[in-house]
Chemist: 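Before we start, here is the structure in question, set down as structure tokens.
Order of listing sets the numbers, starting from 1, for every ligand and every atom in it.
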Amino acid sequence: MTDIKAVLRAQHIETPSWAYGNSGTRFKVFAQQGVPRDPYEKLADAAQVHAHTGIAPTVALHIPWDKVDDYADLARHARELGVGIGAINSNVFQDDDYMLGSVTHPDARVRRKATDHLLECVDIMDATGSGTLKLWFSDGINYPGQDDIRARQDRLTDALAEVYDRLGDGQRFLLEYKLFEPAFYATDVPDWGTAYAHCVKLGPKAQVVVDTGHHAPGTNIEFIVAFLLREGRLGGFDFNSRFYADDDLMVGAADPFQLFRIMYEVVRGGGLDPEAGVAFMLDQCHNIEPKIPGQIRSVMNVQEATAKALLVDRDALAAAQAAGDVLGANAVFMDAFNTDVRPLLAELREEMGLAPDPMAAYAESGYFEKIAAGRVGGEQAGWGA
Ligand code: RM4
Ligand code: MN
């Protein structure tokens, strides 16, 4: 138990700045009370999540949503709040120029503009001390014949190589894949195999990020996790959950068993060791639920799945597997999943000097009432759609 607690205490889950701003579907973005009006206020909200969970010490930024004049100052503000700047997320999907793609666009001028943005994100990493650049490309085509699939791979290769060469010591990029949306016929980085192949060609500073909402229904995500980790190419996660497509709901909400299976493969592959460099990030939108408690709940969901994964009796499992005991092995697995780890986590939090129930502690803190009353005027931050 002490070992498990030590691992859980050291776990870091990164929250995304965009989860604190307003978000929605293409039908409607609902405004909520107390929503941050700038990146500084987003960091203040993220610091609340860390204050009550004790395991969310970094915040991912999204550029240009979190554009500020002085990034070093923003990083200083974060430090004062007790958090740090995590991954820098690039955005080459919200400019009119990108209608036909960004780094894979047929026009060299647009490709240059997109690649320059990615290089600017590395400058921001330098200024904030962030070690991770996250690359997600909405690039793709809607109709057969619209553009040359192979040429688009060539253009992607060129852009990735240029960004890779710009990375400094202690910096890396994570290449994200997504099956579809907004491209509906052929996405240029649709799956982990494509991302992996590009990363392997580039070198060790290029790794794959698994966004749990970016697969076809029924995909065995834990297999992908096991494979990438084994190859040293699992850079991290964008956690969220989905019932249908890229729903961006709270991680663990739709399928806690899947989250457990993923976390088991992480544990099995040594992915919780800090040296493994796996970033546990959330990439979610809280469209109808309050944002800070939504993030607290999400962090707790990952922590619960991690605790259960750590509880798997690995010796018993190995013995059952070696004996070909199918039902016995499965029972060992299910025993861990069916364990109520909430008392263990409450105890852990008390040992860390925290309240045992982060949701209740936040509700009682008065923070929401304070921001609802204080953040009036100005423009609420949104996800930029
Ligand atoms: C994309 C992708 C990226 C995230 C944006 C907001 O679908 O998941 O990681 O930065 O959404
Ligand atoms: Mn993502």
Side-chain angles (χ1 to χ4, degrees), residues 13-26 29 39 42 46 58-67 85-95 98 101-103 114 117-118 120-121 124-125 130 132-140 163 172-184 187-192 194-195 199 206-216 219 221 224-225 228 234-242 244-252 254 259 262 278-287 291 294-295 298 302 381-385:
I13 296 160
E14 181 164 311
T15 74
S17 70
W18 53 103
Y20 303 100
N22 286 324
S23 62
T25 65
R26 58 185 153 152
V29 174
K42 290 184 200 171
T58 55
V59 190
L61 298 185
H62 213 296
I63 310 299
W65 302 342
D66 295 317
K67 214 173 174 71
I85 304 295
I88 303 299
N89 287 251
S90 55
N91 183 323
V92 283
F93 52 91
Q94 280 183 317
D95 189 292
Y98 300 142
S102 65
V103 294
H117 168 73
L118 305 181
E120 180 201 345
C121 287
I124 295 171
M125 292 164 70
S130 164
T132 302
L133 172 65
K134 179 131 60 71
L135 303 174
W136 175 65
F137 300 107
S138 62
D139 298 45
V163 177
R172 61 174 175 169
F173 73 56
L174 308 185
L175 181 56
E176 180 168 352
Y177 58 90
K178 182 177 181 182
L179 178 60
F180 78 98
E181 194 204 25
F184 291 117
T187 300
D188 294 319
V189 190
D191 54 25
W192 71 271
T194 308
C199 290
Q207 293 180 309
V208 181
V209 57
V210 175
D211 184 311
T212 47
H214 287 188
H215 308 86
T219 300
I221 299 175
I224 299 170
V225 169
L228 290 174
L234 180 67
F237 290 95
D238 265 3
F239 280 127
N240 50 61
S241 71
R242 52 80 72 82
Y244 300 102
D246 189 21
D247 305 352
D248 279 339
L249 298 174
M250 292 188 296
V251 55
L259 183 59
I262 290 172
V278 179
F280 299 94
M281 302 174 286
L282 305 180
D283 178 12
Q284 303 180 167
C285 294
H286 304 294
N287 299 349
K291 294 157 199 309
Q295 286 289 286
S298 306
V302 176
W383 67 287

Chemist: Apply side-chain contact (heavy atoms from CB on, under 4.5 Å) to the pair H117 and I63, showing each step before the final yes or no.
Modeler: CA-CA 9 Å; H117 168 73; I63 310 299; 3.9 Å; yes
Chemist: Identify, chain by chain and in numerical order, each protein residue with a heavy atom under 4.0 Å from an atom of ligand 1.
Modeler: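 Lining ligand 1: H62, W65, N89, K134, W136, E176, K178, D211, H214, D238, D246, D283.
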Chemist: Quick one: give me the number of protein N/O/S atoms under 2.8 Å from the Mn ion (ligand 2).
Modeler: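 Step by step: take the Mn ion (ligand 2), keep protein N, O, S below 2.8 Å, and you get 4.
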Chemist: Would you name the heavy atoms of S90 and K134 that are closest together and state the gap between them?
Modeler: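 Looks like OG-O, 3.0 Å.
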Chemist: Counting C-beta onward and ignoring hydrogens, is there a side-chain heavy-atom pair between R172 and T132 closer than 4.5 Å?
Modeler: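 Of all side-chain heavy-atom pairs linking T132 with R172, at least one is under 4.5 Å.
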Chemist: If we only count heavy atoms from C-beta on, is the V210 to I221 side-chain gap below 4.5 Å?
Modeler: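 Yes. Closest side-chain heavy atoms under 4.5 Å.
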Chemist: Less than 6.0 angstrom separating the ring centers of Y20 and H286, yes or no?
Modeler: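 For Y20 and H286, the ring centres are not under 6.0 Å apart.
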Chemist: Given side chains that start at C-beta, do those of I85 and M125 come closer than 4.5 Å, heavy atoms only?
Modeler: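 No. Closest side-chain heavy atoms not under 4.5 Å.
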Chemist: Go through the side-chain N and O atoms of W18 and D283 and say whether any donor and acceptor fall under 3.5 Å apart.
Modeler: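 Distance-only check passes for W18 and D283.
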Chemist: I'd like to check L118 versus F137 (side-chain heavy atoms, cut-off strictly below 4.5 Å). Are they in contact?
Modeler: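 Side chain of L118 against side chain of F137, heavy atoms only: contact under 4.5 Å found.
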Chemist: Distance alone, cut at 3.5 Å: any donor-acceptor contact between the side chains of N240 and D211?
Modeler: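 There is such a pair between these side chains.
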